[in-house]
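This report concerns only the one structure given below.
Because the structure is predicted, anything quoted here is derived from the model rather than measured. Reminder, nothing fancy here: chain letters follow the sequence lines and each chain counts from 1.
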Amino acid sequence: MRKFLDETGIALLISFENVGLRYGIGPEVLSDLSFQVAPNSFQFLTGPSGAGKTSLLRLMLLSLSPTRGLVKVFGKEASTIRPEQMPIIRRKIGVVFQDFRLLDHLTTYENVALPLQVRGKMEQDYRQDVRDLLDWVGLGDRMHVHPPVLSGGEKQRAAIARALIDQPDVLLADEPTGNVDPPLARRILRLFIELHRSGTSVVIATHDLSLMDQYDARRLVLNSGRLQIYD
Amino acid sequence: MRKFLDETGIALLISFENVGLRYGIGPEVLSDLSFQVAPNSFQFLTGPSGAGKTSLLRLMLLSLSPTRGLVKVFGKEASTIRPEQMPIIRRKIGVVFQDFRLLDHLTTYENVALPLQVRGKMEQDYRQDVRDLLDWVGLGDRMHVHPPVLSGGEKQRAAIARALIDQPDVLLADEPTGNVDPPLARRILRLFIELHRSGTSVVIATHDLSLMDQYDARRLVLNSGRLQIYD
Amino acid sequence: MTDKEKPSKSATKTATPAAKAPVKPKRQPKPLRSGQSIVPRESVASTALIFVIGIMTFLACLTLGAVSMVNTSAAKWQNDISREVTIQIRPFDDLEMTKAIRDASNIALQFSGVSKVTALNDAETARLLEPWLGAGLQLDELPVPRLLRVTLADGAKPDFVKMREQLEAQVPGSTLDDHRTWVDRLTTMALTMVGIGSTVFLLMMAATVTTVIFATRGAMAGNKDVVDVLHFVGADSKFISGQFQKHFLILGLKGAACGALGAIILFVILGIWSSSSLATPEGDQISALFGTFSLSWSGYFWMIIVLIMVAILTAVTSSITVRRQVNNLQNYRK
Amino acid sequence: MTDKEKPSKSATKTATPAAKAPVKPKRQPKPLRSGQSIVPRESVASTALIFVIGIMTFLACLTLGAVSMVNTSAAKWQNDISREVTIQIRPFDDLEMTKAIRDASNIALQFSGVSKVTALNDAETARLLEPWLGAGLQLDELPVPRLLRVTLADGAKPDFVKMREQLEAQVPGSTLDDHRTWVDRLTTMALTMVGIGSTVFLLMMAATVTTVIFATRGAMAGNKDVVDVLHFVGADSKFISGQFQKHFLILGLKGAACGALGAIILFVILGIWSSSSLATPEGDQISALFGTFSLSWSGYFWMIIVLIMVAILTAVTSSITVRRQVNNLQNYRK
Ligand SMILES: Nc1ncnc2c1ncn2[C@@H]1O[C@H](COP(=O)(O)OP(=O)(O)OP(=O)(O)O)[C@@H](O)[C@H]1O
Ligand SMILES: Nc1ncnc2c1ncn2[C@@H]1O[C@H](COP(=O)(O)OP(=O)(O)OP(=O)(O)O)[C@@H](O)[C@H]1O
Ligand SMILES: [Mg+2]
Ligand SMILES: [Mg+2]
C-alpha cells in the first residue's frame with residue numbers, strides 16, 4: 001500500500017480559516033473554525049452527539065459550503081473549484097460515512113470496487129486487490145452478498161474498505177467503529193495507522209474514548225460549535 | 001411510567017428452545033439456543049460483529065422464523081400465531097433498530113408519535129407525552145425537523161424515544177449507544193434502567209464494554225453461533 | 001419520565017450532554033407535523049402513476065366521445081331515412097295510374113305506424129329525374145314511374161314484408177322501397193364503430209387496471225420500509241392498507257380528473273372550432289360526413305362517469321393488491 | 001496490507017475477531033458480480049415508465065395505422081373516381097345526336113391525359129336509368145341524355161375548365177361532370193382524417209416526452225443515493241449521466257418495442273379477421289365504408305420507425321434531463 005506524496009508540494013491538504021456553518025435559518029452549528037490538516041498527519045475529531053462532527057467532515061469533503069470563512073482543499077479555495085475539477089479532488093479523498101452509504105443493488109465486492117470502476121480501471125486488474133482488502137477486514141466470505149443482508153459491523157467494514165481501496169491522500173472516517181466490537185475496532189484502528197504511515201492523512205470522527213486512548217494523536221474537539229485542538 | 005405486569009400470569013415473556021437459524025443455504029448463524037427472558041428482567045446481549053445479535057433480536061421480534069427449535073413469545077408458540085394477532089403482540093414490544101428505521105418524510109415528532117397514532121390515539125392526548133420524552137432525550141429543539149437532517153446520535157435518540165413512547169412490556173434495543181458520546185450513553189442507559197424498574201423487560205444488544213460495566217446485569221454472549229449466559 | 005436528571009459531568013474533555021450544548025437563539029415555533037400522510041404522498045411512482053392514469057382517462061374519454069358522436073350522427077341519419085319509405089308504381093299500358101295510386105295509399109294507410117301517404121306530384125318527380133333526363137321534362141309524355149312517399153310515425157316499424165306482399169298482389173307494377181339497404185348499412189357502420197370504440201375503451205380500462213396493479217406493487221416495494229416500520233410499531237393490516245388505499249384513491253382521482261378535464265376541454269374547443277368553421281365549404285363536407293363535433297350533454301356526463309370509474313377502479317385495484325401484499329408481510333413466515 | 005496480523009485476544013468474554021468467528025462449511029463459489037448496472041435496473045419508476053412508453057407507442061402506432069389505412073382507402077376511391085369523367089349530352093329536338101357525340105369525343109380527345117372516350121350504348125344507359133324508368137326501356141323512344149365515358153391516363157389532370165368551356169360552346173346541350181364534388185369531398189375527408197390523426201400522434205409524442213422528463217426526474221430523485229455515492233467516489237458527470245442514459249435507452253427500447261409489437265400483432269389479427277369476415281354481408285358493408293383492415297407494408301415499416309423514434313426520444317430527453325440535474329449536483333454550492 002505504497003503512497004505517493006503530494007506532487008505539487010502543497011504543505012496543507014485541508015485548511016479552514018474562520019469557517020462558520022449554519023443550516024438554513026437555524027443556529028450556527030460551527031463557528032470560527034480555523035485549523036489545518038497537514039500531509040501525512042493523523043487526528044481524531046471528537047465532541048458530543050450533534051456537535052457538528054459530520055458537518056465538519058462534509059465541509060472538508062466539499063459536499064457542503066460554509067456560511068462564512070474560507071475552506072481550502074489541496075491548496076485550492078473551495079468556492080473557486082469548478083464542477084469539472086470536483087471528481088479529480090474527490091478521487092484523492094476517501095470517505096467512510098456514518099451511515100455507510102453502500103449501494104444496495106450491488107454486491108459487497110462491487111461496492112468496494114466502485115471507486116476503481118469509476119476511474120475506468122479494468123476488473124481483472126483490481127479483482128485481487130479488492131479480494132485481499134475484503135479478506136483483511138473480515139468480509140472474505142461475505143463479498144458476494146448485497147449490503148442489506150450484512151450485519152451492522154459488516155456494513156461498516158465494507159464502507160471502510162471502499163474508502164481505502166484507492167489509497168487516497170486524505171481519509172475522512174465518520175464513526176468508523178460505532179458498530180464493531182472492541183477487538184475489531186482495534187484492528188481497524190491499526191489499519192488506519194498503517195495507512196497513515198504509508199503517507200495518507202487520516203481524520204477519524206469518533207465518540208469512542210477507548211479507541212482514542214489506544215493511539216496518541218492530535219485531537220480536534222468540537223464543543224458548542226467551537227473547536228479546541230490538543231496536539 | 002407505571003407498568004402493568006402480564007395479566008395472563010405467564011412467567012416468561014420470551015423463551016427459546018433449541019433454536020437454530022440459517023439464512024438460505026448459508027451456514028448456521030445461530031445454533032441450539034435455549035434461554036428465557038423473564039418479566040421485569042434486564043440483560044445485555046453481546047458478541048463480536050456478525051455473531052448474530054441482530055438476528056437473535058429479530059427472532060424475538062417475530063420478524064424472522066427459526067430454521068429449527070421453538071420460539072415462544074408471551075406464552076404463545078411463534079409459528080401458531082395468526083397474522084391478526086401479530087399487531088397485538090408487536091404493540092407490547094418496543095424495538096430500537098441498529099439502523100434506526102425512522103420514516104424520512106415525517107417529522108421527528110411524528111416518528112416518535114407513530115406507535116400511538118397506529119393505536120388510534122388522539123393527538124391532543126399524547127402530544128405532551130411525546131414532547132416530554134423528546135426533551136428528555138435531548139431532542140426538544142429538533143422535534144420539528146425530518147430525520148435526514150438529524151445527526152447520527154440524534155437519529156438514534158429519536159429511535160429510542162419511539163420504542164419507549166408506549167411503555168412496552170419488552171424493550172429490544174440493538175446497539176442503542178453506537179452513535180452517541182459516553183455521557184449521553186450513560187444517560188440512555190439510566191433511562192433503560194428506569195424503564196426496567198417500572199416493570200419492562202429490557203434486552204440491549206451492544207458491543208460497548210464500558211456501557212456493560214456500568215450496570216451489573218445478566219449477559220447473553222453470542223459466539224460462533226452459541227450462546228453463553230452469565231447471570 | 002419526570003426526573004430530568006442531568007448526567008454527571010464526564011471525565012473526558014469531549015463530554016457535554018448534547019441536549020444543552022448549542023446556545024440557540026429564540027425562534028418562531030415551527031409546526032410539529034409535516035402535513036404528510038403516513039404513506040409519503042410525493043414518491044416517484046406517484047407522479048408516473050398520475051400521468052398514466054391521466055393519459056388513460058384522457059384517451060378513454062376521447063374514445064367515449066367519438067363513439068357518442070358517431071352514435072348520435074348515425075342515429076340521426078338512420079332516423080331521417082327510416083322515417084320514410086317509398087312506393088314506386090311503374091306505368092303499364094293498361095294501368096290506370098290514378099286508381100293505382102289511390103289503391104296503394106289505402107293499403108299503406110291500413111298499417112299502423114303509417115301517418116301519411118303523399119303522391120309526389122309531377123314537379124317533384126321531375127326534379128328527382130333531372131340528373132338523367134334533363135330539365136323541363138313533361139312527365140305525362142313519358143312512361144315514368146310515380147312515387148308515393150309514405151311517412152311513418154316516430155319510431156314506428158310497420159310490417160314492411162306484409163305491406164310489400166299486399167301491394168304487389170293488389171297494385172300491379174308497384175314496388176316498396178323501405179331503404180333497407182341504407183338502414184342496414186348505417187346500422188352496421190354504427191355498430192362497427194361502437195364495437196371498435198368499446199373494444200378500445202375496454203382495452204384501455206384493462207391497461208389502466210394492469211398499470212395500477214404494477215404501480216401499486218411498485219409503490220409497495222418502494223414503501224416497504226414504511227410498511228415494515230408500521231408493522232413493528234404495531235399497526236394492523238387494516239390500518240396499513242387503509243393508508244395505501246387513501247393514497248391511491250387520491251392518486252386515481254387526480255390522474256382521472258386531469259385526463260377527463262383534458263378531454264372535456266378538447267371537445268369544447270373542437271365544438272367551438274367546428275361550429276365556427278362549419279360556414280366554410282370544407283366544414284360542410286366534414287359535418288356531412290362525420291356529423292358535428294359538438295358533444296351532447298350526455299357525452300360529458302359519461303366522461304364524468306369514466307372519471308369516477310377510473311378513480312374507483314384505481315382505489316379498488318390497489319386496495320386488493322395492497323391487502324394481499326400486506327397479508328403476506330403480516331404472515332409470520334415471510 | 002500484507003500483514004494479516006491477528007488482533008490480540010481481548011480481556012472481555014465477548015471478543016473474537018469476526019473474520020474467523022463462524023466455522024463455515026465449504027460452499028460452491030458464488031458470483032462476485034450482481035449482474036446489475038450501477039443504476040439499478042429494476043426500480044419502481046422503471047416498470048411504470050416502460051408501461052407508459054409501451055402504451056404511448058401502442059396508441060401512436062394504432063393512430064399511425066388508422067391514418068395509413070384511411071389514406072390508402074381514400075386514395076383508392078379518389079383514384080377510381082378521378083380516372084373517369086363523364087360527358088352528358090341532353091337531347092334537343094334539332095340536335096343530331098350522332099354528330100354531337102362525335103364532336104364531343106373529338107374535343108375531349110384533344111386534351112392531353114385523355115386516353116379514351118366511349119359513348120355508352122343504349123343498353124348501358126338503360127341500365128343506369130333502370131331504377132327510375134323500369135326495365136325494358138326503349139331508349140330511342142325517349143328524350144334521354146346520352147353519356148360519354150372519358151377515361152383518363154393514370155394520374156393525368158387535364159384542364160377540365162377549358163374542356164367544359166369548349167364543350168359547351170361547340171356542342172350545345174352537353175355538360176361535363178368531373179365528379180369534382182366527390183373528389184373534393186374525399187380529399188377533404190382524407191385530409192381531415194390525416195390531420196386529426198397527425199394531431200393525435202403529435203399529442204402522444206408530446207405526452208411521451210413529458211412523461212419521460214417526469215420519469216427521469218423521478219428516477220434521478222429515486223436514485224439520488226446512487227448519484228451521491230458515485231460523486232463521492234470520484235465519478236465525473238459524464239460517467240454518471242452515461243449510466244442513466246444507458247438505463248433509459250434500454251427502458252425506452254423495451255417499452256417502445258412492447259407497444260409497437262402489440263400494435264403490429266393487433267393489425268395482423270385485424271387483417272386476418274377482416275379478410276375472413278369479408279365474405280359476410282356485414283364484412284362487405286364495412287369494407288365498402290372503411291376499406292379493408294389490412295395494413296400495407298409501409299404501415300408496418302412506419303411502426304418500426306415510431307418504435308425507434310420513441311426509444312431515441314426517451315434516451316435523448318432523459319439524457320438532457322439527467323445532464324442538467326447532474327451538473328446541478330456537481331456544483332459545489334448545492
Ligand atoms: N442538513 C441539515 N439541515 C439542518 N440541520 C442539520 C443538517 N445536518 C445536520 N444538522 C444539524 O446540525 C447539528 C450537527 O449535526 P452533525 O451531524 O454534524 O453532528 P455530529 O457531531 O456528527 O453528531 P453525531 O455524533 O450524533 O453524529 C445537529 O443538531 C443536526 O441536527
Ligand atoms: N437476511 C440475511 N440474509 C443472509 N445473511 C444474513 C442476513 N442477515 C444477516 N446475515 C448474516 O448473518 C450473520 C449475523 O448477522 P447479524 O446482523 O445478526 O450480526 P450482528 O451480531 O448483529 O452483527 P453486528 O454487531 O455487526 O451488527 C452475518 O454474517 C450476516 O451477514
Ligand atoms: Mg455524525
Ligand atoms: Mg447487528
Side-chain angles (χ1 to χ4, degrees), chain B residues 1 61-65 78-79 81 83-84 86-93 95 97 101-107 109-110 114-115 117-120 123 127 129 131-133 135-141 143-146 151 153-154 157 162 164 166 180-184 186-187 190-191 194, chain C residues 1-12 14-22 24-43 223-240 242-243 326-334:
Chain B
M1 206 181 258
L61 193 58
L62 307 181
S63 93
L64 206 63
S65 56
S79 57
I81 295 171
E84 313 87 76
M86 269 313 206
I88 296 147
I89 291 177
R90 289 256 164 84
R91 286 175 193 189
K92 297 190 206 161
I93 307 179
V95 213
F97 294 99
R101 305 224 191 155
L102 300 169
L103 298 183
D104 283 353
H105 62 288
L106 301 179
T107 62
Y109 167 84
E110 285 173 320
L114 197 62
Q117 204 191 335
V118 302
R119 282 158 183 72
E123 214 213 329
R127 190 183 293 137
D129 292 348
R131 277 170 178 282
D132 286 349
L133 184 55
D135 276 339
W136 207 92
V137 299
L139 292 177
D141 54 350
M143 57 177 126
H144 44 73
V145 303
H146 291 241
S151 82
E154 287 165 347
R157 284 177 271 155
R162 187 180 60 190
L164 299 184
D166 200 40
V180 297
D181 47 302
L184 197 55
R186 269 196 296 281
R187 196 181 155 94
R190 261 203 304 287
L191 180 59
E194 211 199 322
Chain C
M1 207 75 74
T2 47
D3 59 335
K4 300 218 169 191
E5 41 164 16
K6 300 204 174 64
S8 59
K9 276 280 173 220
S10 155
T12 74
T14 70
T16 303
K20 41 203 303 287
K24 287 169 188 182
K26 270 270 162 275
R27 273 165 295 149
Q28 294 280 79
K30 288 188 192 163
L32 277 180
R33 317 208 62 194
S34 59
Q36 281 270 8
S37 53
I38 289 177
V39 172
R41 246 193 315 271
E42 313 302 333
S43 71
N223 290 307
K224 202 177 166 305
D225 297 353
V226 178
V227 175
D228 266 8
V229 168
L230 286 177
H231 255 160
F232 285 124
V233 301
D236 49 27
S237 65
K238 222 178 85 192
F239 182 90
I240 299 175
Q243 295 294 327
V326 167
N327 273 337
N328 273 351
L329 280 176
Q330 202 79 318
N331 234 307
Y332 175 51
R333 309 187 176 274
K334 59 171 173 173

Which value, rounded to the nearest 0.5 Å, describes the distance between Arg162(B) atom CZ and Phe232(C) atom CZ?
-> 10.0 Å

Atom of Val233(C), atom of Arg119(B) and distance for their closest heavy-atom approach | O-NH1, 2.9 Å

Answer whether the closest heavy-atom distance between the side chains of Leu230(C) and Leu114(B) falls below 4.5 Å.
-> yes

Look only at the side chain of Arg91(B) and the backbone of Gly234(C), and say whether a donor-acceptor pair between them is shorter than 3.5 Å.
-> yes

Between the main-chain N or O of Asp236(C) and the side-chain N or O of Arg90(B), is there a donor-acceptor pair closer than 3.5 Å?
-> no

